[in-house]
Amino acid sequence: MPNSTFSVDEFNEFIEFVIFNRIYQIRHFMMFLVVTFRISVKIGRMTATTRRRPSAPDDPVFTTRDAAHHLGVSVSTAQLWMEQGTLASWKTPGGHRRCRLSEVERLQGIGAGKAARRPEGGLDAEYLSPAAPAYPVPQTEQRRLAALAHSGLVDSPPDHAFDRITWLAAQITGCPMALVSLLTTKRQWFKSRIGIAAAETPREHAFCSHAILGSDGLVVTDAREDSRFSANPLVLGEPHIRFYAGLPVSDPEGNRLGTLCVLDSRPRSLTVDQLRALRELTDIVTAEIARAK
């Protein structure tokens, strides 16, 4: 029979081997526990995120469609605002966006004071289309007004970028007056203006109400000879408009918020190149509106 006895040194080496392997196993087991714990914490946080917003009677959870309906915009617009963070929201485990009514109402209150939230959480009256307006309106007027309110452009501070555009428009066309106008239900407010002292005029006097009806805008060679404008106070009095050329400026969703227009106190027309240049400048205004948002 082979000798089965161990020397003291062999026995000590065996014990060290067993202890080393045990320590190695315990170390890996502890690492496994740490990783498992971290994963469980992350899962717990994700679960808490989806559960911490229970629907409350005074602040219910809105779907994207609910938010769009409440804001008076398209579903795609509401979705974009959620993804950009303009409208605070979160994703469900299924990947759908949700938000609170309070966040929708907060967005409705954004602006420079004119798009203020009413007690019931709707838009200011200046951004609610009247039942029988005294001026022409596009079919999407209420959506356009809501988009204008949410842009925060009306009554915002002067912006050099827009002022450069109106100056260029006046120089290229040779017109003494140029405007970037924005149309609420009550007024046309000038984000930028050249050659006109007034900061705004009543909406019912606005040539621009006609210009936003289509993408081609409006050109009036002599307002006194046009039945739509011959009795207009802006034609009969200051600034004595005779010529008008305006093209609609839009937000990224295609809502025509107002116009870039040039005016003159004498009858005239634009050359093909001047009209093209005005259209190019209009596109730049549209890009600046997108940047400002």
Colleague: Can you tell me how far apart CG (Leu260) and CG (Asp283) are? Round to the nearest 0.5 Å.
Modeller: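 Those atoms lie 10.0 Å apart.
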
Colleague: Determine whether Thr63 and Asp66 satisfy the following criterion, side-chain hydrogen bond (donor to acceptor under 3.5 Å, both in side chains), listing intermediate values before the conclusion.
Modeller: CA-CA 5 Å; Thr63 65; Asp66 293 334; 3.1 Å; yes

Colleague: Is Pro130 close to Tyr135 at the side-chain level, that is, under 4.5 Å between some pair of heavy atoms?
Modeller: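 Yes; the side chains approach each other to less than 4.5 Å.
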
Colleague: Taking all heavy atoms of Ala67 and all of Val104, pick out the closest pair and write down the distance.
Modeller: CB-CG2, 4.1 Å

Colleague: So if I apply the side-chain hydrogen bond (donor to acceptor under 3.5 Å, both in side chains) rule between Glu200 and each of Gln188, Arg187, Arg193, which one comes out positive?
Modeller: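 That would be Arg187; it is the only one of Gln188, Arg187, Arg193 passing the side-chain hydrogen bond (donor to acceptor under 3.5 Å, both in side chains) with Glu200.
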
Colleague: Let me confirm one number: the CD-NE2 distance from Glu253 to His150, rounded to the nearest 0.5 Å.
Modeller: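 Interatomic distance, Glu253 CD to His150 NE2, rounded to 0.5 Å: 12.5 Å.
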
Colleague: Judged by modelled atom types alone, do Ser181 and Thr259 share a side-chain donor-acceptor pair under 3.5 Å?
Modeller: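 Yes - a donor-acceptor pair under 3.5 Å links their side chains.
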
Colleague: Go through Phe229 and His210 one step at a time and tell me if the ring pair (Phe, Tyr, Trp, His ring centres under 6.0 Å) criterion holds.
Modeller: CA-CA 11 Å; Phe229 308 110; His210 297 262; 4.9 Å; yes

Colleague: Could you tell me whether the side chain of Thr271 and the main chain of Gln274 form a donor-acceptor pair under 3.5 Å?
Modeller: yes

Colleague: Could you give the distance from CZ (Arg276) to CG (Leu281), rounded to the nearest 0.5 Å?
Modeller: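 The CG atom of Leu281 is 12.0 Å from CZ of Arg276, to the nearest 0.5 Å.
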
Colleague: Is the shortest side-chain heavy-atom distance between Leu148 and Leu182 below 4.5 Å?
Modeller: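 Yes, at least one pair of side-chain atoms sits under 4.5 Å.
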
Colleague: Are Phe190 and Phe207 connected, step by step, through hydrophobic side chains (Ile, Leu, Val, Met, Phe, Trp, Tyr) whose heavy atoms are closer than 4.5 Å?
Modeller: yes

Colleague: Check for a donor-acceptor pair, side chain of Ser129 on one end and backbone N or O of Glu141 on the other, with a separation under 3.5 Å.
Modeller: no

Colleague: Out of curiosity, does Trp189 fall in the hydrophobic cluster containing Leu247 (side-chain heavy atoms, cut-off under 4.5 Å, transitive links)?
Modeller: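 Hydrophobic grouping puts Leu247 with Trp189.
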
Colleague: With a 4.0 Å cut-off, would you call Arg164 and Asp159 a salt bridge?
Modeller: no

Colleague: Counting only N and O atoms by type, is there a donor-acceptor contact under 3.5 Å from the side chain of His96 to the main-chain atoms of Thr92?
Modeller: no

Colleague: I'd like to know whether Arg100 forms a salt bridge (Lys or Arg N to Asp or Glu O under 4.0 Å) with Glu103, so could you lay out the CA-CA distance, the side-chain angles of the two residues, the decisive distance to 0.1 Å, and finally the verdict.
Modeller: CA-CA 5 Å; Arg100 287 284 195 179; Glu103 289 298 328; over 6 Å; no

Colleague: With no hydrogens and no angle check, do the side chains of Asn255 and Ser250 hold a donor and an acceptor under 3.5 Å apart?
Modeller: no

Colleague: List the atom of Phe162, the atom of Glu288, and the distance in Å for their closest heavy-atom pair.
Modeller: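 Looking at all heavy atoms of both residues, the shortest contact is CZ-CB, 3.7 Å.
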
Colleague: Could you tell me if the side chain of Leu179 sits less than 4.5 Å from the side chain of Ile196, heavy atoms only?
Modeller: yes

Colleague: Nearest heavy-atom pair of Cys261 and Gly246: which atoms, and what distance?
Modeller: CB-CA, 3.7 Å

Colleague: Indicate whether the side chain of Thr166 and that of Asp163 have a donor and an acceptor atom separated by less than 3.5 Å.
Modeller: no

Colleague: Spell out, as yes or no, whether a donor-acceptor pair under 3.5 Å connects the side chain of Arg144 to the backbone of Leu257.
Modeller: yes

Colleague: Can you see which heavy atom on Arg203 is nearest to which on Pro136, and at what distance?
Modeller: NH2-O, 3.9 Å

Colleague: With the side chain counted from C-beta on, respond yes when Tyr244 and Asp264 share a heavy-atom pair under 4.5 Å apart, and no when they do not.
Modeller: no

Colleague: Please report the interatomic distance CE(Met177) to NE2(His240), rounded to the nearest 0.5 Å.
Modeller: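 Met177 atom CE to His240 atom NE2 measures 9.5 Å (nearest 0.5 Å).
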
Colleague: Quick one: are Glu126 and Lys186 in side-chain contact, heavy atoms under 4.5 Å?
Modeller: yes

Colleague: Taking all non-hydrogen atoms of both residues into account, name the closest pair between Ser156 and Leu153 and its distance.
Modeller: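 Nearest heavy atoms, Ser156 then Leu153: OG-O, 2.5 Å.
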
Colleague: Answer yes or no: is there a side-chain heavy-atom contact under 4.5 Å between Val61 and Trp90?
Modeller: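 Yes, their side chains come closer than 4.5 Å.
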
Colleague: At what distance, to the nearest 0.5 angstrom, does OG of Ser89 lie from CZ of Phe62?
Modeller: 13.5 Å

Colleague: Between Ser209 and His205, is there a donor-acceptor pair closer than 3.5 Å when you use the side chain of the first and the backbone of the second?
Modeller: no

Colleague: Applying side-chain contact (heavy atoms from CB on, under 4.5 Å), name anything that partners Ala245, two or more places apart in sequence or on another chain.
Modeller: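 Per chain and number, Ala245 pairs via side-chain contact (heavy atoms from CB on, under 4.5 Å) with Val219, Phe243, Val262, Leu270, Leu278.
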
Colleague: Which atoms form the tightest heavy-atom contact between Ala206 and Leu183, and what is the distance?
Modeller: CB-CD2, 4.1 Å

Colleague: Just by distance, with hydrogens left out, do Thr221 and Arg268 show a side-chain donor and acceptor under 3.5 Å apart?
Modeller: no

Colleague: To the nearest 0.5 Å, what is the distance between CD1 (Ile165) and CD1 (Ile194)?
Modeller: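 Answer rounded to 0.5 Å: 11.5 Å.
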
Colleague: When you check the side-chain N and O atoms of Arg97 and Thr64, is any donor under 3.5 Å from an acceptor?
Modeller: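 Distance-only check fails for Arg97 and Thr64.
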
Colleague: Has the side chain of Asp124 got a donor or acceptor atom that lies under 3.5 Å from a matching backbone atom of Tyr127?
Modeller: no

Colleague: Please collect all salt bridge (Lys or Arg N to Asp or Glu O under 4.0 Å) contacts where either partner lies in residues 233-250, sequence neighbours excluded, each pair once.
Modeller: Asp222-Arg242

